[in-house]
Amino acid sequence: MSIDIGIIGLAKCGKTTIFNALTKGKADTRSSAPHIGIAKVPEPRLKVLADMLHPQRVVPAEMSYIDIGASVKDLGEDRGIGSQILNQLSNADALINVARAFTDESIPHMEGSLDIERDITTANLELALYDTGIIGRRLERIEISLKGAKATERQGLLREQELLTKLKANLEKEVPIRQLRLPTDEARTIANFQFLTAKPQLIVVNIGEEQIPQAASLEAELNSRYAGTKSGIITLCGKLEMELAELDNEAAAGFRAEFGIAEPGLNRVIKLSYELLGLISFFSIASDEVKAWFIPKDTTALKAAGKIHSDMERGFIRAEIISYHDMVKCGTLAEAHKKGLLRLEGKSYLVQDGDVITFLFNV
Ligand SMILES: Nc1nc2c(ncn2[C@@H]2O[C@H](COP(=O)(O)OP(=O)(O)OP(=O)(O)O)[C@@H](O)[C@H]2O)c(=O)[nH]1
Ligand SMILES: [Mg+2]
């Protein structure tokens, strides 16, 4: 299972620019075509492990990004966003909502003027309208089904009707589903609808280079308004990040220092998006390979093995685990053995962020 993130926003807000920055892609920003690409997730701990263990292959975790290639205002209309991209967006695990903050007279703002908060609201209204449409159609079907329903089916239908009516009422008050903290059974009932407002959302405020000195204060100000349940906000200079993504790491770091950017913006975007998703990282070591993986918090060792290969889950025997910090302290696996820091854990062990794992399995 890969992690997919949809990039949405109004026209010309910088979606493709940010997509290119994230995926080190070369998609043409002059065309409004949709794009799908993979980002290798920056993970400093993976490099440290690689330097210690000298494996032949070092494989970072990946995330896939979908640039919808249209204004989010076209969501409801067939002509705007093709059904294939709409499907991908519905399948996405989280959304990045890009809001334009950069000024450039040669690129007219589609809404007539620059207004970050209005654009964020507009995009969210579009998502809400889209979800409301799905709910409306389902409620109509439920009405029809209820007419001929047996007593046993009635109960389930009535419960679903009540839940969907509650969601609809919230959406009409501009409360997105992601903010509702639904109990697990309700969340499960609606999972199949793939509601867009239920997805964790990271707002990326796309600033111009000249705004970089104010980036942190702007971010803090917007944070108090927009950060909340399953949502976060960040400022990023998309254009600069896209250009830096084309350079090698050393040259990029040099430019960042010049601009006073402490941490690469992209690392922050990726880190925040996986925090919003409630993901943690673990590292697998096997046959001369060290790999980084994402899993949801509270995943068992058995399921973590399954993420790597279904055979590993089926034939799971146990997992040999050391925390990242212990591994760094020991320097080598042999030393870790000697110090007794390698633990043997069973199927139900809950994998912790930073665990370095060798799975023992039998097929
Ligand atoms: N000056 C400046 N221009 C930018 C910045 N970010 C993006 N642009 C430019 O704005 C234009 C639109 O950017 P895109 O990334 O194509 O925006 P988009 O949202 O993908 O646009 P559509 O797909 O056409 O809706 C491009 O010409 C970019 O080069 C920025 O931070 N500063
Ligand atoms: Mg584009």
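- For Y130, the ring-ring contact (aromatic ring centres under 6.0 Å, His included) test picks out no residue, with sequence neighbours left out.
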- Should I96 and L22 be marked as a side chain to side chain contact (heavy atoms under 4.5 Å, CB included) after you check the CA-CA gap, both sets of side-chain angles, and the distance that decides it? CA-CA 11 Å; I96 285 182; L22 285 163; 4.2 Å; yes
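- Salt-bridge check for D185 with R188: failed, with every basic side-chain N at 4.0 Å or more from each acidic carboxylate O.
- Within a 6.0 Å radius of CD in Q56, no more than 12 heavy atoms belonging to other residues, nucleotides or ligands are found.
- Residue pairs meeting the side-chain hydrogen bond (donor to acceptor under 3.5 Å, both in side chains) criterion with at least one partner in residues 161-173, sequence neighbours excluded, are E143-Q161, K166-E186.
- Atom-to-atom distance recorded for L202:CG and S273:OG is 6.0 Å, nearest 0.5 angstrom.
- Taking the ring centre of F102 as origin, the terminal cationic atom of R100 falls inside the region bounded by 6.0 Å and 45° from the ring axis.
- From I357, atom CD1 reaches atom CD1 of I322 across 12.0 Å, with rounding to the nearest 0.5 Å.
- For K291 and E43, the salt-bridge test fails: no basic side-chain N is under 4.0 Å from an acidic carboxylate O.
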- Message: Quick one, V98 with L10, criterion side chain to side chain contact (heavy atoms under 4.5 Å, CB included). Give me CA distance, side-chain angles, the key distance, then yes/no.
- Response: CA-CA 8 Å; V98 181; L10 299 174; over 6 Å; no
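- Evaluated for a side chain to side chain donor-acceptor pair (under 3.5 Å) with E111, the options K12, K73, R118 yield exactly one hit, K73.
- Here K338 pairs with E335 in a salt bridge; the nearest charged N to carboxylate O distance falls below 4.0 Å.
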- Does the side chain to side chain contact (heavy atoms under 4.5 Å, CB included) test come out yes or no for I308 and F359, once each step is laid out? CA-CA 10 Å; I308 300 175; F359 288 103; 3.5 Å; yes
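- Rounded to the nearest 0.5 Å, atoms CD (Q179) and OG (S231) are 5.5 Å apart.
- K271 has a carboxylate O that lies under 4.0 Å from a charged side-chain N of E263, or vice versa, which qualifies the two as a salt bridge.
- A distance-only check finds no donor-acceptor pair linking the side chain of E246 to the backbone of E243 [under 3.5 Å].
- Among residues two or more places apart in sequence or in another chain, the side chain to side chain donor-acceptor pair (under 3.5 Å) test is passed with E62 by K40.
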